There are 2 protein chains.
Amino acid sequence: MSHMGYRRLMAVDRDHVLRSAAALLTRKSTATMDEVAKAAGISRATLHRQFAGRDALVRALEALGIAECEAALDAARLDDGPAEDAVRRLVHGIESAAGLLAFLYTENQLFEGEEQNAGWATIDDRISALFRRGQLGGEFRIDLTPAWLTEALYGLLASGAWMVQSGKGAPKDFTHMIAELLLGGALRREEP
Amino acid sequence: MSHMGYRRLMAVDRDHVLRSAAALLTRKSTATMDEVAKAAGISRATLHRQFAGRDALVRALEALGIAECEAALDAARLDDGPAEDAVRRLVHGIESAAGLLAFLYTENQLFEGEEQNAGWATIDDRISALFRRGQLGGEFRIDLTPAWLTEALYGLLASGAWMVQSGKGAPKDFTHMIAELLLGGALRREEP
DNA sequence: CCCATGTGAGACATGACTGTCTCACCATGG
DNA sequence: CCATGGTGAGACAGTCATGTCTCACATGGG
């Protein structure tokens, strides 16, 4: 909500449309362009003026998801302090993007044959590096590969997002549930 | 109306079609009825004779997934011995159905609307009861709710299935990765 | 042998979504 | 004041999956 002048340049509007689309498609991944437009409070014509088509919209959402992931990764300072704490910071910082990630996570299977955005590989590498650092530092167990831990994080984020979405879980528990399960597991830990 | 040979022949064909469809839709959730038919080695007309439409096919797949889950739950003997071991047995037994489950898990059409299959609630309850038993017995930590642990199990199964599907993980690691992460988490456990 | 049943192939109509277009409207800036 | 440009509404054709239909064929039983 800033100066009116920005609205003419589509930057603010575009972001709003993108986030509305993300929120809608997270709930209903098969939503129509018309539904996306209505959810954003604009007409289908305007939606189509900003995004050439459904494919372009999904690509833009993918770019948004990647950007938010990168931002969360930066904010979490993955190289600082214990890896365990870095994981907690990461889960906390990525919470707001979890819904969008859940949508992209299932949509990505669709682009099987196509070229897929290299941004995901970068993100995978950064998260994997965090888990590897934890393993090398003796914090994390070594029988679970960094690649699997990364994938598991995605899966848990998606599960958490859907759970909150469906009302079966409280948003305030999101970070704790995911981080604690990922780090500590279900077994009760003996106090040292 | 029923002749023994007739019934048996249809049953076998139907099961084969169902499993082919499950395998295909796991990889490509938007596959056409024509593609489903070709994958099963039958024509679209015959596919339509067995399943009134795409919706009926998905519902049949849902019933199959529920049946396989129930079978895995029975085979895992959730009430016997330590809950930890029961979880391991369950993960191992449900592995073969994980791909189908991952497909159904993302088919949110099944979960919106009022007429969602009650079989899922039964399965949720049985798995939740297992986690609750582990908590009451002092095996599992109590700050992670049974409902969340159940949802997390679904998410990890889906992640594992997709990882194996995309070739980023070995099928032989499936059970170990999921069960160990779910039970023990990423943190290295001090030897007692 | 003949007939019945299941099947495959394909035509056909239907509906839904998409992408493109036009046109009237209205707020802003000159 | 008018000119501009973005917008909403709607028309339009094209595309694709679906559901239904017909018909020829083959396999198997009476």
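Source: prediction; values computed, not measured. Naming: A, B, ... by sequence-line order, numbering from 1 per chain.
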Acceptor/donor pairs from residues 63-71 of chain B side chains to any protein atom, 3.5 angstrom cut, sequence neighbours excluded:
{"from": "B:E68", "atom 1": "OE2", "to": "B:R19", "atom 2": "NH1", "distance (Å)": "2.8"}
{"from": "B:E68", "atom 1": "OE2", "to": "B:R19", "atom 2": "NH2", "distance (Å)": "3.2"}
{"from": "B:E70", "atom 1": "OE1", "to": "B:R126", "atom 2": "NH1", "distance (Å)": "2.7"}

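- Here the rule is side-chain hydrogen bond (donor to acceptor under 3.5 Å, both in side chains) with B:T175, and of B:E180, B:E95, B:H92, B:R89 only B:E95 fits it.
- Applying the side chain to side chain donor-acceptor pair (under 3.5 Å) test to A:R133 and every residue at least two apart in sequence or in another chain returns nothing.
- Applying the salt bridge (charged side-chain N to carboxylate O under 4.0 Å, His left out) test to every pair with at least one member in residues 153-171 of chain B, sequence neighbours left out, gives these pairs: A:E151-B:K168.
- Atom-to-atom, CG of A:L47 to P of C:dT18 comes out at 9 Å; the value is rounded to the nearest Å.
- Protein atom CD1 of A:I42 is 10 Å distant from nucleotide atom C1' of D:dT7, rounded to whole Å.
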* To do: Summarise how protein sits on nucleotides 20-29 of chain D as a single string, 5' to 3': B when a protein heavy atom is under 4.0 Å from the base, S for sugar-phosphate-only contact, - for no contact.
  => B---------

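- Considering only side-chain N and O atoms, A:S43 lies nowhere under 4.0 angstrom from the phosphate OP1 or OP2 of D:dT7.
- Within a 6.0 Å sphere centred on CD1 of A:I142, other residues, nucleotides and ligands contribute 12 heavy atoms or fewer.
- Residue B:K38 places its NZ atom among 12 or fewer non-hydrogen atoms of other residues, nucleotides or ligands, all under 6.0 Å distant.
- The CZ-C1' distance, from B:R54 to D:dC16, rounds to 13 Å in whole Å.
- Between the C1' atom of D:dG8 and the CD atom of A:Q50 lies a distance of 13 Å, rounded to the nearest Å.
- Residues A:T106 and B:T106 have side chains that never bring a donor and an acceptor to within less than 3.5 angstrom of each other.
- For the segment residues 32-41 of chain A, residues with any heavy atom less than 4.0 angstrom from an atom of DNA chain D are, sorted by number, A:G41.
- Note on residues 156-189 of chain A: pairs passing ring pair (Phe, Tyr, Trp, His ring centres under 6.0 Å), not counting sequence neighbours, are A:W162-B:Y105.
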